[in-house]
Undergrad: 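Here it is: the structure, laid out below.
Please read these numbers as outputs of a predicted model, since none were measured by experiment. Atoms considered below: every heavy atom in the structure, side chains included; atoms not considered: hydrogens, waters and symmetry mates. Sequence lines set the chain letters: A, B, ... in the order given, protein chains first and strands last, and positions in each chain run from 1.
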Amino acid sequence: MIEISNSELQDVPVQKLPVEALINYTLNLADTSLILGHRNSEWTGHGPVLEQDIAISNIALDLIGQARNFYQYTAEVINKNQVAFDLPYVTGRAITEDDLAYLRDVLEFKNLLLVEQPNGDWGQTILRQFFFSAYQYLLYEQLQKSKDSQLAAIAEKSIKETTYHLRWSSEWVIRLGDGTEESHQRMLNALQEFWMFTGELFKPSAYEQVAAAMQIGVDVTTLKGAWMEKVTAVLEEAKLPLPTTPALQSGGKTGTHSEHLGFILAEMQFLQRAYPNSNW
Amino acid sequence: MGVHELENLFQQKVDHEIKIEPKDWMPEKYRKTLVRQISQHAHSEIVGMLPEGNWITRAPSLRRKATLLAKVQDEAGHGLYLYSAAETLGISRDEMLNQLHTGTAKYSSIFNYPTLSWADIGAIGWLVDGAAIMNQVPLCRSSYGPYARAMVRICKEESFHQRQGFEILLSLSKGTPAQHKMAQDSLNRWWWPSVMMFGPKDDESPNSVDSMKWKIKRFTNDELRQKFVDICAEQVKILGLQLPDNDLKWNDERGHYDFGAINWDEFWQVVKGNGPCNKQRLDARNKAHNEGAWVREAAIAHAEKKKQRTAKAAA
Ligand SMILES: [Fe+2]
Ligand SMILES: [Fe+2]
Ligand SMILES: [Fe+2]
């Protein structure tokens with residue numbers, strides 16, 4: 001992880017640093033929401049029961065909607081500041097939300113590793129959503145106070161959705177943890193699968209540190225306590241043990257992903273890359 | 001009151017456009033016909049999610065991704081209302097799903113065709129949702145109350161879907177030559193199966209007579225099919241595309257479009273299970289249902305535990 005000291009910050013031109021940090025910071029929020037929305041949408045039509053098929057699709061829609069808000073804002077910042085932003089097929093025109101989602105490759109994506117992991121069974125999808133929503137709720141709570149009014153507005157709008165995602169996923173963690181022998185076992189397995197990716201949520205990247213220092217972004221290290229409290233409470237009610245294994249997998253925020261993201265992008269970006277510069 | 005009098009009373013209500021409600025007396029055959037029709041319709045909504053769901057992860061823009069996802073989710077909602085409407089007639093959702101999964105219940109054959117390109121999402125919206133609307137708008141006045149009310153809500157959403165599909169095709173048609181070709185190819189594949197969605201010709205449609213008398217149905221298959229062809233033949237001009245039928249021609253005398261012969265062999269083959277995707281669709285439904293079994297069991301077990309705990313606490 002790159003630590004940025006105060007002296008390093010002073011060396012960078014004042015104008016440039018905040019804009020770059022803002023772009024990376026916003027892309028990180030956008031990518032994370034998009035990839036989790038995309039993963040959840042893989043359930044549409046295949047859910048365990050009709051009502052829950054609708055619920056998970058709804059969460060997917062919310063997340064994709066949030067991603068669009070962040071991408072649109074990023075594009076606006078890039079265009080307004082005439083930031084040199086290299087994208088294939090894009091020359092001589094303003095950058096759009098779709099360019100950012102469909103024309104960046106794996107190494108440029110900044111989403112959390114947690115959200116790109118395969119859906120697994122319903123229990124894994126639920127646990128991943130719970131871990132994430134508990135984090136996103138706390139994040140948006142702080143982001144509402146951002147000095148960047150756009151980010152604050154998106155957070156304020158989105159936290160209503162996240163509140164529901166958190167309640168829904170908490171209830172399911174409890175239901176499955178304290179359901180049948182089989183469901184309990186599957187949740188233990190889900191914990192095994194995903195706990196290792198939770199450390200990254202609270203490990204700030206350089207651009208998050210800058211964004212936090214500028215008071216446009218959230219200092220994610222401060223969210224960990226409240227997150228652990230929530231997770232501990234829900235797992236306890238679900239009769240599931242709080243994992244004690246280390247949660248060291250990280251890198252997504254700076255583009256070092258797991259192998260899964262490449263396949264997601266290959267599928268997601270196929271039309272935009274096979275038929276570049278087309279209107280859909 | 002004897003059955004005969006009850007039947008007369010029932011028919012009088014129907015004739016006077018008074019809705020039949022779940023607790024009202026109804027002929028057994030009326031109930032059975034409705035259960036069959038409503039559950040088939042519900043199954044169609046659910047199976048219909050599969051060919052379109054295929055493209056959610058590949059949709060070409062964020063806006064298209066969100067609208068397609070919302071559309072497929074709407075179809076799940078339609079399935080839900082319709083299963084509920086059928087349940088008012090004394091059959092459970094489990095029973096209906098079992099009929100679907102074992103292949104004893106039918107669903108709309110159109111969903112046994114594959115979605116091969118993004119344009120197919122446009123063609124399905126325009127033609128398949130379009131044909132569905134044609135079939136379903138009259139059902140909003142169906143004699144059975146719960147069915148009619150479910151259809152009102154569903155039809156509103158279906159017309160939204162149809163407009164979106166039309167708009168997808170229009171963008172493609174006006175787009176690059178490759179996109180235009182994609183759109184035309186899609187119409188070539190989806191047109192005839194859509195025309196077949198109205199079911200067999202009137203003289204080969206065994207259930208139609210009673211359904212008309214009971215005002216479950218208000219127009220015959222062929223009447224609705226003609227209406228559909230007439231509308232599409234006009235709209236396709238705006239799209240700048242062609243319907244794949246050389247015999248499609250305005251007939252001044254009839255005041256309708258004439259159209260070519262339907263391949264009924266293909267129709268019956270797909271109905272009998274030999275369409276290109278019958279097996280995949282049924283397999284996918286079965287897989288989702290089977291893999292969801294432990295989740296449904298856990299939800300029931302948890303609810304049971306909770307109930308016992310509150311009972312204990314209250315004691
Ligand atoms: Fe529908
Ligand atoms: Fe329908
Ligand atoms: Fe529809």
Undergrad: Would you check if Leu50(A) and Arg93(B) make a side-chain contact, meaning some heavy-atom pair closer than 4.5 Å?
TA: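 A side-chain contact under 4.5 Å exists here.
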
Undergrad: Can you check side-chain contact (heavy atoms from CB on, under 4.5 Å) on His289(B) and Val49(A), steps first, answer last?
TA: CA-CA 7 Å; His289(B) 189 74; Val49(A) 63; over 6 Å; no

Undergrad: Would you call Asp98(A) and Lys65(B) a salt bridge, taking side-chain N to carboxylate O under 4.0 Å as the test?
TA: no

Undergrad: Chain B heavy atoms under 4.5 Å from Ile126(A): which part of the residue, side chain, backbone, both or neither?
TA: neither

Undergrad: From Thr176(B) OG1 over to Tyr275(A) OH, what is the distance, rounded to the nearest 0.5 angstrom?
TA: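 Here the rounded value is 8.5 Å.
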
Undergrad: Measuring from His302(B):NE2 to Glu171(A):CD, what's the distance to the nearest 0.5 Å?
TA: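 Between His302(B) NE2 and Glu171(A) CD, I get 9.0 Å after rounding to 0.5 Å.
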
Undergrad: Please classify the contact of Ile64(A) with chain B as side chain, backbone, both or neither, using a heavy-atom distance under 4.5 Å.
TA: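 Ile64(A) touches chain B through side-chain heavy atoms alone.
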
Undergrad: Less than 4.5 Å apart, side chain to side chain, heavy atoms only: is that true for Gln179(B) and Trp280(A)?
TA: yes

Undergrad: Which residues from residues 110-130 of chain B are near chain A, with near meaning under 4.5 Å between non-hydrogen atoms?
TA: Trp118(B)

Undergrad: If I take atom OG1 from residue Thr44(A) and atom CG from residue Asn54(B), how far apart are they, to the nearest 0.5 angstrom?
TA: 12.0 Å

Undergrad: Quick test of your reading of the model: are Glu291(B) and Arg186(A) salt-bridged, counting only N-O distances below 4.0 Å?
TA: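 No salt bridge links Glu291(B) with Arg186(A).
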
Undergrad: When rounded to the nearest 0.5 angstrom, what distance separates CG in Asp178(A) from CZ in Arg309(B)?
TA: 4.5 Å

Undergrad: Between Arg39(A) and chain B, which part of the residue has a heavy atom less than 4.5 Å away: side chain, backbone, both or neither?
TA: neither

Undergrad: Side chains of Thr57(B) and Glu267(A) only: does a donor on one sit below 3.5 Å from an acceptor on the other?
TA: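 Checked: Thr57(B)/Glu267(A) side chains pair up, N/O donor to acceptor below 3.5 Å.
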
Undergrad: With only heavy atoms counted, which part of Asn279(A) is less than 4.5 Å from chain B, the side chain, the backbone, both or neither?
TA: backbone

Undergrad: Non-hydrogen atoms of chain B under 4.5 Å away: do they reach the side chain of Trp43(A), the backbone, both or neither?
TA: neither

Undergrad: Under 4.5 Å, heavy atom to heavy atom: which of residues 99-120 of chain A reach chain B? Give them by number, or say none.
TA: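 Within residues 99-120 of chain A, the residues that come under 4.5 Å of chain B (heavy atoms only) are Ala101(A), Tyr102(A).
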
Undergrad: Taking atom CG of Leu50(B) and atom NE2 of His46(A), what is their separation to the nearest 0.5 Å?
TA: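 Between Leu50(B) CG and His46(A) NE2, I get 5.5 Å after rounding to 0.5 Å.
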
Undergrad: Just how far is it from atom CG of Leu34(A) to atom CG of Leu62(B), taken to the nearest 0.5 Å?
TA: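 Reported value, rounded in 0.5 Å steps: 6.0 Å.
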
Undergrad: Quick check: are there more than 12 heavy atoms from other residues, nucleotides or ligands sitting under 6.0 Å from CD of Gln192(A)?
TA: no

Undergrad: Is it the side chain or the backbone of Gln272(A) that comes within 4.5 Å of chain B heavy atoms, both, or neither?
TA: side chain

